[in-house]
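Here's the structure, in structure tokens; my notes come after.
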Protein chains: 2
Amino acid sequence: MGLHMGSDARRPTLRDIADRVGISEAAASFALNGKPGVSEATRQRVLQAAKELDWAPHHAARALTGAGTATVGLVIARSAQDVGSELFFHRLMTGMQAVLSRRKYALLLQVVDSVDEEIAVYHAWKRENRVDGVVLVDLRRNDPRPEAVVELGLPALIAGGPDPAGVVPSVSIDDAAAMTSVMRHLKETGHERVAYLSGPISLLHVHRRIESFWRASADLGIADCRSHATDFSAGAGDSATTSMLRGDPRPTALIYDNEVLAVAGVGAIRRMALRIPEDVAVVVWEDTPVCTVLQPALTALHRDPAGFGADVAERLLKVLAGEKVADFEERVPTLVARASTVGERPGDAD
Amino acid sequence: MGLHMGSDARRPTLRDIADRVGISEAAASFALNGKPGVSEATRQRVLQAAKELDWAPHHAARALTGAGTATVGLVIARSAQDVGSELFFHRLMTGMQAVLSRRKYALLLQVVDSVDEEIAVYHAWKRENRVDGVVLVDLRRNDPRPEAVVELGLPALIAGGPDPAGVVPSVSIDDAAAMTSVMRHLKETGHERVAYLSGPISLLHVHRRIESFWRASADLGIADCRSHATDFSAGAGDSATTSMLRGDPRPTALIYDNEVLAVAGVGAIRRMALRIPEDVAVVVWEDTPVCTVLQPALTALHRDPAGFGADVAERLLKVLAGEKVADFEERVPTLVARASTVGERPGDAD
DNA sequence: CCCGGCAACTTTAGCGCTTAAGTCGCGTCG
DNA sequence: CGACGCGACTTAAGCGCTAAAGTTGCCGGG
């Protein structure tokens, strides 16, 4: 029924096209790749034949002759995949995909348990020639990955750099500026005591945020600041919030490094019968659907993971094309002020 | 520094191994693939040489000789990727990966905007020989995809079936049983008027849930039931909740099809100054971190997306191996009763 | 003692495509 | 008018691996 093309219908090859047009395979190849060596007339006939036969280059065959694999790899270490950042990851990936697929590149995904395994995957990919390049995410302090991929000769790009060692180009998010905008906002809304509940310091971006937190504290003259590292879990969010708020004097504003932490924190705040934002203001470092839907809505740092992913992919493709690419800094995340810091403002059209 | 293996160091091939051992390429190939035709002694020497040279089969070369591509594809249509289900998807994927990578399979990912584009991707993958098989997600009513992959001769498996047409095997979740358990729970906690805020009926699983909802309503004798389809958005969750609760008599329990809907709904409920669960009980069809962290914690249907993904991958691999696989039903999601239906029970250790 | 048969290889061919190195006819320049 | 250059192809080789079809050398049976 209809044009039946079962699995047995051998896919067309260059041979078929060549035969149909009455030329050699090589000529057909030239024509299809826009190379010189065929007349325009012939080229057209080849193109036509290719279309009629529904021909497409055999991916493996191409890869075998030296063209790349048209595939980029992404390894997700399970630790980087805690519940708080899954959404971010997912969007990063889909963002990457948007540009990759436009360029006919595929995304190869792998989930592993540790950084060591991750490096093992890079080895395997390289040995088997499975990918042309990889994206490194969630850099840690003293991360062995940049060195590893360089040594392997595996083109790479860091999502969320910059690379301290400077050996792998990166696309990064300006955590310092973002933190500054958060602190400025808190300063402007009258806070003098703010606590930052961060993720694990082993993560490079967390480390940077903490540094900026203290710098901003100094620069803006916010006298009483404290920070506390968590493991990103709800439990940690709850207990850290509780102990912070037991302090005397207690902080008037809390910054949470992710959504899970924040929602747990809000729960703890409520349990202590404190009001948001009158008693404590809350800011979250990631704008997720939950932020807008909670009551009060949470002021959040809004970034664009998909756009980030797109930039990452774009630059990785440049690396693959042999271009030297410089480190790139994303647009600074914007602070979206909501009720959790500014209170209900009826006229707050949005 | 250390064992340097720059990108220029040509990767070893069968030739290298053969030379080193002093046999032919073919013999080496036999040895490495456990085929008869070489003595055990030789086989060992080949294996040894392969290890020493850090050899691995060239993926493209293998694919070219008829072996598969050791890659399975997954296309995500952007519509299926609304904020409420991103988490589910992400976990599904990582679950698939767990089994795929163990078998040396890779996951190829693609994001598209429509079902048509999705089918186009399958065509392209097939033509270019990029994948051995694909996973179909988020089946709709009259979905053209099962037919399409069959016609293409592209092995496939449906995640979240069963396929109404019965042409593609599936791994499915028993929505009917799940819905029944929800309804039974509500009946037991004394509800006689329940409203179901579902996703779009065009989705097969939503359709099934709605059907089961009504069946359960009849079976359990829950007199006053109503259901309302939404687009999964927070806005819809808010407005649908509001209008439901304006009904007279108003429902005493609300079932939400996903997290975003639920959180928005809880917001609306609060705005109407109703108490949870005293005035309205709430159940969510997906257990996410937010459920446990909200106050009151939300009773939720807990499934295991990663386990689901693993099952899907496993069965797809069987299909690829040429085995006939029957439709498979996952363990029924379990209802996790929390404060939003049963109230605060201090003795509720967990 | 010769031949079939078998184990243990080797040779050859080929997967689908690219590319370097021809080949051939034709217009052109000295 | 002949060598030369060039456009338009064709041939051949090869990417790394697999698999079918040889090729040995050795052993046992008739």
Side-chain angles (χ1 to χ4, degrees), chain A residues 7-47 49-50 53-70 104 124-130 132, chain B residues 7-47 49-50 53-70 104 124-130 132:
Chain A
S7 52
D8 39 283
R10 197 178 56 79
R11 57 186 294 287
T13 74
L14 267 194
R15 226 332 2 108
D16 299 316
I17 297 186
D19 286 351
R20 174 179 271 234
V21 176
I23 56 175
S24 70
E25 275 182 78
S29 174
F30 292 153
L32 289 163
N33 294 316
K35 297 236 163 111
V38 276
S39 65
E40 192 49 35
T42 306
R43 187 186 305 280
Q44 288 310 327
R45 287 166 54 220
V46 170
L47 258 28
L53 293 173
D54 190 38
W55 176 90
H58 189 294
H59 180 244
R62 274 231 165 125
L64 197 51
T65 65
T69 59
K104 298 287 183 194
W125 280 353
K126 175 70 182 182
R127 298 196 319 168
E128 296 169 16
N129 230 273
R130 278 220 128 187
D132 293 342
Chain B
S7 51
D8 39 282
R10 195 180 57 78
R11 58 185 297 286
T13 72
L14 268 192
R15 234 309 25 97
D16 299 314
I17 295 185
D19 286 351
R20 174 180 272 235
V21 176
I23 55 173
S24 69
E25 274 183 81
S29 173
F30 292 153
L32 289 163
N33 293 318
K35 298 239 163 111
V38 277
S39 65
E40 192 49 35
T42 306
R43 186 186 305 280
Q44 288 310 327
R45 287 165 57 220
V46 169
L47 258 28
L53 293 173
D54 191 37
W55 176 89
H58 189 293
H59 181 245
R62 270 224 168 136
L64 197 52
T65 63
T69 60
K104 298 288 182 193
W125 279 352
K126 175 71 180 182
R127 297 196 318 168
E128 297 169 15
N129 228 271
R130 279 221 126 186
D132 294 341

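Naming convention: chains lettered A, B, ... in sequence-line order (proteins, then strands); numbering from 1 in each chain. All heavy atoms count here, side chains included; hydrogens, waters and symmetry mates do not.
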Next on the checklist: Both Gly37(B) and Ala26(A) contact DNA chain C. Which one's nearest nucleotide lies toward the 5' end?
Outcome noted: Gly37(B)

Checklist entry - Does a side-chain N-to-carboxylate-O contact under 4.0 Å join Arg15(B) and Asp19(B)? => result yes

Checklist entry - Mapping Leu64(B) and Phe30(B) to their closest nucleotides on DNA chain D, which lands nearer the 5' end? => result Leu64(B)

Item to check | N or O in side chain of Thr65(A) less than 4.0 angstrom from dT19(C) OP1/OP2 | outcome: no

Checklist entry - Would one find a side-chain N or O of Thr42(B) under 4.0 angstrom from OP1 or OP2 of dA8(C)? => result no

Checklist entry - Taking only side-chain nitrogens and oxygens of Thr13(B), does any of them come within less than 4.0 Å of OP1 or OP2 of dC15(D)? => result no

Checklist entry - Does Arg11(B) reach the side chain of His58(B), with side-chain heavy atoms less than 4.5 Å apart? => result yes

Next on the checklist: I need the CD1-C1' distance between Ile17(A) and dT18(C), as an integer number of Å.
Outcome noted: 14 Å

Next on the checklist: At less than 4.0 Å, is any side-chain N or O atom of Arg62(B) found next to OP1 or OP2 of dG16(D)? Yes or no.
Outcome noted: no

Next on the checklist: Looking at Ser24(A), I'd like to know whether one of its side-chain N or O atoms comes within less than 4.0 Å of OP1 or OP2 on dT11(D).
Outcome noted: no

Checklist entry - dG16(C) P sits how many Å from His59(A) NE2, rounded? => result 16 Å

Checklist entry - To the nearest angstrom, how far is Ile23(B) atom CD1 from dT24(D) atom C1'? => result 16 Å

Checklist entry - Using a cut-off of 4.0 Å on non-hydrogen atoms, how would the nucleic acid contact of Ala56(A) be classed: base, sugar-phosphate, or nothing? => result sugar-phosphate

Item to check | Closest-nucleotide 5' rank along DNA chain C - winner of Ala27(B) and Pro57(A) | outcome: Ala27(B)

Item to check | Residue pair Ile17(B) / Ile23(B), side-chain heavy-atom distance below 4.5 Å | outcome: no

Checklist entry - Quick one: is Lys35(B) getting a side-chain N or O under 4.0 Å of the dA19(D) phosphate, OP1 or OP2? => result yes

Checklist entry - Are any of Ser29(B)'s side-chain N or O atoms less than 4.0 Å away from OP1 or OP2 of dT18(D)? => result yes

Checklist entry - Which whole-number value in Å describes the distance from Arg15(A) CZ to dC17(C) P? => result 11 Å

Checklist outcome for this item: Taken to the nearest whole Å, CG/Asp19(B) to P/dC17(D) is 13 Å

Checklist entry - In whole angstroms, how far is the C1' atom of dT18(C) from the NE2 atom of His58(A)? => result 15 Å

Next on the checklist: Tell me the interatomic distance from Leu14(B), atom CG, to dC15(D), atom C1', rounded to whole angstroms.
Outcome noted: 13 Å

Item to check | Spacing of His59(A) atom NE2 and Asn129(B) atom CG [to the nearest 0.5 Å] | outcome: 10.0 Å

Checklist entry - How close or far is atom C1' of dG16(C) from atom CH2 of Trp55(A), stated in whole angstroms? => result 9 Å

Checklist entry - Would you call Val46(A) and Phe30(A) a side-chain contact if the rule is heavy atoms closer than 4.5 Å? => result no

